[in-house]
Amino acid sequence: MKTVAATAALALGLAFAVNACGGGGSSDDVKASLKEFSVTLDSRQHKAGSISIKVDNTGSIKHEFIIMRAKDAAALPLDAQGGVDEEKVAEADKPGEIAEFAQGTSKTKKFNLPAGDYVMFCNLVNEKSGTPPVVHFKLGMHETFTAT
């Protein structure tokens, strides 16, 4: 009987150690980084379904993180400034977003992504009197992602 109890205690201890060392992370986690003017993903392919995405804003200004179902950035409808015209995208093709957040901060959110191709991007526009608008998407702040 002592052997069974010792084995159970050892297994419980190992499970604790693995989780404490970071081994308890899910393979359905994605890490993304935003900065002027790019989106970097740790992996451009992941398992479809519920995916937790941690987004770090490593830039020097505010950014947002939007996910839309599309083959690539060129397949998204554009507005007159060169950003994505979000109103022209079907609701079913908009799994969600993380609203704009400050530089030097991180946000994490779960998204349900059915199998398919997606574009992850920042669609903010910075406008300053007397200068042309700075359209984040137009400047290359997008990346493709496939859920399989």
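Just so it is clear, the values below take in all heavy atoms, side chains as well, and ignore hydrogens, waters and symmetry mates. If you read the sequence from its start, that first residue is 1, and numbering goes on from there.
- Considering all non-hydrogen atoms of both residues, A48 and P114 come closest at CB-C, 3.9 Å.
- Nearest heavy-atom pair, G116 versus R69, reported as atom, atom and distance to 0.1 Å: CA-NH2, 3.6 Å.
- A heavy-atom distance below 4.5 Å is found between the side chains of M120 and L41.
- One hydrophobic cluster holds both M141 and I67 under the rule that ILVMFWY side chains link at heavy-atom gaps under 4.5 Å.
- At distances below 3.5 Å, at least one donor-acceptor pair connects side-chain atoms of E36 with backbone N or O atoms of I61.
- When hydrophobic clusters are built by joining Ile, Leu, Val, Met, Phe, Trp and Tyr residues whose side-chain heavy atoms come closer than 4.5 Å, directly or via intermediates, V84 is not grouped with L113.
- Take F137 and apply the ring pair (Phe, Tyr, Trp, His ring centres under 6.0 Å) test, not counting sequence neighbours, and it matches F121, H142.
- A search for side-chain contact (heavy atoms from CB on, under 4.5 Å) contacts involving K31 returns D42, not counting sequence neighbours.
- Take K110 and apply the side chain to side chain donor-acceptor pair (under 3.5 Å) test, not counting sequence neighbours, and it matches no residue.
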side-chain contact (heavy atoms from CB on, under 4.5 Å) evaluation trace for Y118 with T144: CA-CA 6 Å; Y118 296 87; T144 58; over 6 Å; no
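- Among V39, V30, D117, the single residue meeting the side chain to side chain contact (heavy atoms under 4.5 Å, CB included) criterion with F145 is V30.
- The salt bridge (Lys or Arg N to Asp or Glu O under 4.0 Å) search around D85 returns K88, not counting sequence neighbours.
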Residues 71-80, side-chain donor-acceptor partners within the protein, below 3.5 Å, at least two apart:
{"unit_1": "D72", "atom_1": "OD1", "unit_2": "A74", "atom_2": "N", "d": "3.2"}
{"unit_1": "D72", "atom_1": "OD1", "unit_2": "A75", "atom_2": "N", "d": "3.1"}
{"unit_1": "D79", "atom_1": "OD1", "unit_2": "Q81", "atom_2": "N", "d": "3.0"}
{"unit_1": "D79", "atom_1": "OD1", "unit_2": "G82", "atom_2": "N", "d": "3.0"}
{"unit_1": "D79", "atom_1": "OD1", "unit_2": "G83", "atom_2": "N", "d": "2.9"}

Taking distance alone, no hydrogens or angles, what donor-acceptor pairs closer than 3.5 Å link side-chain atoms of residues 98-108 to residues at least two apart or in another chain?
{"unit_1": "T105", "atom_1": "OG1", "unit_2": "A102", "atom_2": "O", "d": "2.5"}
{"unit_1": "S106", "atom_1": "OG", "unit_2": "D56", "atom_2": "OD1", "d": "2.3"}

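- Every residue meeting the side chain to side chain donor-acceptor pair (under 3.5 Å) condition with N126, not counting sequence neighbours, appears here in chain and number order: H136.
- Of all non-hydrogen atoms in L124 and H63, the two that sit nearest each other are CD1-CA, 3.6 Å.
- In this structure, the side chains of T58 and L34 stay at 4.5 Å or more apart for every pair of heavy atoms.
- Listed by chain and residue number, E86 satisfy the side chain to side chain donor-acceptor pair (under 3.5 Å) test with N123 (two or more places apart in sequence, or in another chain).
- Among residues two or more places apart in sequence or in another chain, the side chain to side chain donor-acceptor pair (under 3.5 Å) test is passed with E87 by none.
- The line from SG of C122 to NZ of K35 is 14.5 Å long, rounded to the nearest 0.5 Å.
- Taking T148 as the reference, Q45, T146 meet the side-chain contact (heavy atoms from CB on, under 4.5 Å) condition, with sequence neighbours excluded.
- Residues passing the salt bridge (Lys or Arg N to Asp or Glu O under 4.0 Å) test with E64, sequence neighbours excluded: none.
- At a threshold of 4.5 Å between side-chain heavy atoms, the hydrophobic network of Ile, Leu, Val, Met, Phe, Trp and Tyr places F65 and L139 in one connected group.
- When all heavy atoms are compared, the tightest approach of I53 to A32 is CG2-CB, 4.4 Å.
- Remark: the backbone N or O of T40 is not paired with any side-chain donor or acceptor of S33 at under 3.5 angstrom.
- Hydrophobic clustering, defined by side-chain heavy atoms of Ile, Leu, Val, Met, Phe, Trp and Tyr closer than 4.5 Å, groups V125 together with V135.
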